[in-house]
Amino acid sequence: MSAVSDRLPAFPWDKLEPYKKTAAAHPDGIVDLSVGTPVDPVPEHIQKALIAAADSPGYPTVWGTPELRDALTRWVEHRLGAREVTHRHVLPVVGSKELVAWLPTQLGLGPGDQVAFPRLAYPTYEVGARLARAEHVAYDDPTELDPSRLKLLWLNSPSNPTGRVLAKEELTRIVAWAREHGVLVLSDECYIELGWEADPVSVLHPDVNGGSYDGIVAVHSLSKRSNLAGYRAAFLAGDPAVLGPLLQIRKHGGMMTPAPTQAAVVAALGDDEHVRVQRERYAARRTALRDALLAHGFRIEHSEASLYLWATRDESCWDTVAHLADCGILVAPGDFYGPAGDRFVRVALTATDERVRAAAARLTA
């Protein structure tokens, strides 16, 4: 076991514990804007679907029920503008983090292969490469990479942590370059329904991929758009030549989405209203926190989408974390997402309205 764990970096969130204690000592309590875990209720109709499927004594299938696959294909076409999506183009997974961490291993990557991801990125992209013993490389523009050993290219739009959105033209250029060099593109689009000052586009859109899914797979999650982080509900959509072998591998590995969760996903993807309501909640919190941070002397970059504000006071991110902890506010240091973030902090919108008001009041006092 130590041989595997030794490949991995120290778990970053443990470093926040002293600052969490400081923030918790505030007379009005902590406002935790660090991890980004949903705090609002699971919509009632989704809860009811889960409960109705609670009597599920048999094993679920890795590919999911036909009803689930129907729901996935309909949503991909309806929401992302994809065309001619069949059951072969979709695959449920047990939350997107599991997929990100184990995909390089499941693809058979190893020493000598390269996995690339944005210079500021979700740290699990690197973890996945390390678990597979593959090399990892961070990029500003992926088309400037040497493609000779590059096997897996991660895109992330909207970005975690920065909220940056890749324009349709940029996605089109990257997909064309990757295809030219035989590089598999995995596009993490988990925040695609949370665009504020930009309208994110999927790599599954025909304007990006020319009507072909060859060499591209998109990752989607219901954690944020439907408050289902506790359900572990996510899926892949794209190239059947990639998803077919993954399905077989995941069958052998027993990577099955629980049957009640599958039923809940069907209910969630069949309803747009709860997504609209949740967007409005996040939009109001975003406005309150953004205005308060600006008033407190912060500068905010990107942040045109996703559930975060990428903010700086032009100092060490840990000095900013300490300063905000003294105000009873806990945020994530930018260097969790790569050395390029060492002067930024990531501020999550995932706190209750009352806690967001408390944070805003402290910042503007």
Side-chain angles (χ1 to χ4, degrees), residues 12 33-36 96 100 116-126 138-144 153-174 186-203 208 218-221 223-225 279 282-318 320-321 324 329 331-351 356 359-360 363:
L33 307 177
S34 61
V35 176
S96 58
V100 172
F117 45 79
R119 194 164 302 283
L120 284 165
Y122 183 46
T124 311
Y125 303 136
E126 178 181 335
Y139 65 78
D140 293 310
D141 180 346
T143 66
E144 296 177 355
L153 172 63
W154 282 106
L155 305 181
N156 181 207
S157 176
S159 163
N160 173 16
T162 69
R164 181 189 174 205
V165 172
L166 297 177
K168 183 188 296 183
E169 295 75 18
E170 193 168 4
L171 285 172
T172 303
R173 178 178 64 86
I174 294 169
L186 260 289
S187 181
D188 181 346
E189 302 175 352
C190 290
Y191 297 94
I192 201 164
E193 297 201 87
L194 295 166
W196 310 115
E197 297 159 2
D199 187 14
V201 178
S202 172
V203 294
V208 172
V219 184
H220 286 273
S221 168
S223 292
K224 305 306 196 303
R225 52 98 69 192
R279 272 182 55 88
Y282 284 136
R285 293 167 187 167
R286 179 179 183 272
T287 297
L289 287 171
R290 183 183 180 91
D291 290 351
L293 287 166
L294 292 173
H296 198 74
F298 279 86
R299 186 176 79 255
I300 295 172
E301 292 191 1
H302 296 301
S303 307
E304 59 261 30
S306 84
L307 279 182
Y308 311 105
L309 294 170
W310 189 238
T312 182
R313 298 204 310 169
D314 294 309
E315 63 185 3
S316 162
C317 60
W318 288 100
T320 306
V321 168
L324 291 174
I329 301 168
V331 298
D335 66 3
F336 277 11
Y337 308 94
D342 64 357
R343 298 179 73 80
F344 285 79
V345 294
R346 193 194 74 170
V347 183
L349 310 180
T350 49
V356 167
L363 291 170

Answer yes or no: is there a side-chain heavy-atom contact under 4.5 Å between Phe117 and Tyr122? no
In Å, rounded to the nearest 0.5 Å, how long is the span from CG of Asp141 to CZ of Arg119? 11.0 Å
Sole candidate of Arg346, His302, Arg286 that passes side-chain contact (heavy atoms from CB on, under 4.5 Å) when paired with Tyr308: Arg346
Can you spot which of Glu304, Glu301, Glu197, Glu170 makes a salt bridge (Lys or Arg N to Asp or Glu O under 4.0 Å) with Arg164? Glu170
For Thr320 and Glu315, does a side-chain donor sit closer than 3.5 Å to a side-chain acceptor? yes
Separation between CZ (Phe336) and OG (Ser34), nearest 0.5 Å, reads 8.5 Å
Within the side chain of Thr312, is there an N or O that forms a donor-acceptor pair under 3.5 Å with the backbone of Arg343? yes
What closest approach, in Å, do Glu193 and Arg279 show between heavy atoms, and which atom pair accounts for it? O-NH1, 2.8 Å
Could you report the tightest heavy-atom contact between Ser96 and Val219, atom names first, then the distance? CB-CG1, 4.0 Å
Is the closest side-chain heavy-atom distance between Val35 and Thr350 below 4.5 Å? no
Should Phe344 and Leu120 count as side-chain neighbours, where that means a heavy-atom distance under 4.5 Å? no
Can any side-chain N or O of Glu189 pair as donor or acceptor with the backbone N or O of Val203 at less than 3.5 Å? yes
So does Asp335 get a backbone contact from the side chain of Asp342, meaning a donor-acceptor N/O pair under 3.5 Å? no
Minimum heavy-atom separation for Leu153 to Pro142, with atom names? CD1-CB, 3.6 Å
Check Leu33 against Leu289 and note the closest heavy-atom contact, atom names and distance. CD1-CD2, 4.0 Å
Nearest 0.5 Å please: distance from the CG atom of Leu294 over to the CG atom of Leu309. 8.5 Å
Kindly compute the distance separating CZ (Phe298) from CH2 (Trp310), expressed to the nearest 0.5 Å. 12.5 Å
Are any side-chain N or O atoms of Ser316 and backbone N or O atoms of Trp318, one a donor and one an acceptor, separated by less than 3.5 Å? yes
Can you tell me how far the CG atom of Asn160 sits from the OG1 atom of Thr124, to the nearest 0.5 Å? 9.0 Å
Please report the closest heavy-atom contact between Val100 and Trp154, naming both atoms and the distance. CG2-CH2, 3.8 Å
Rounded to the nearest 0.5 Å, what separation is found between the CZ atom of Arg225 and the NE2 atom of His220? 10.5 Å
Is the side chain of Asp291 donor-acceptor paired with the backbone N or O of Leu293 at a distance under 3.5 Å, no angle test? no
Quick one: closest heavy-atom pair of Gly163 and Ser306, and the distance? CA-OG, 3.5 Å
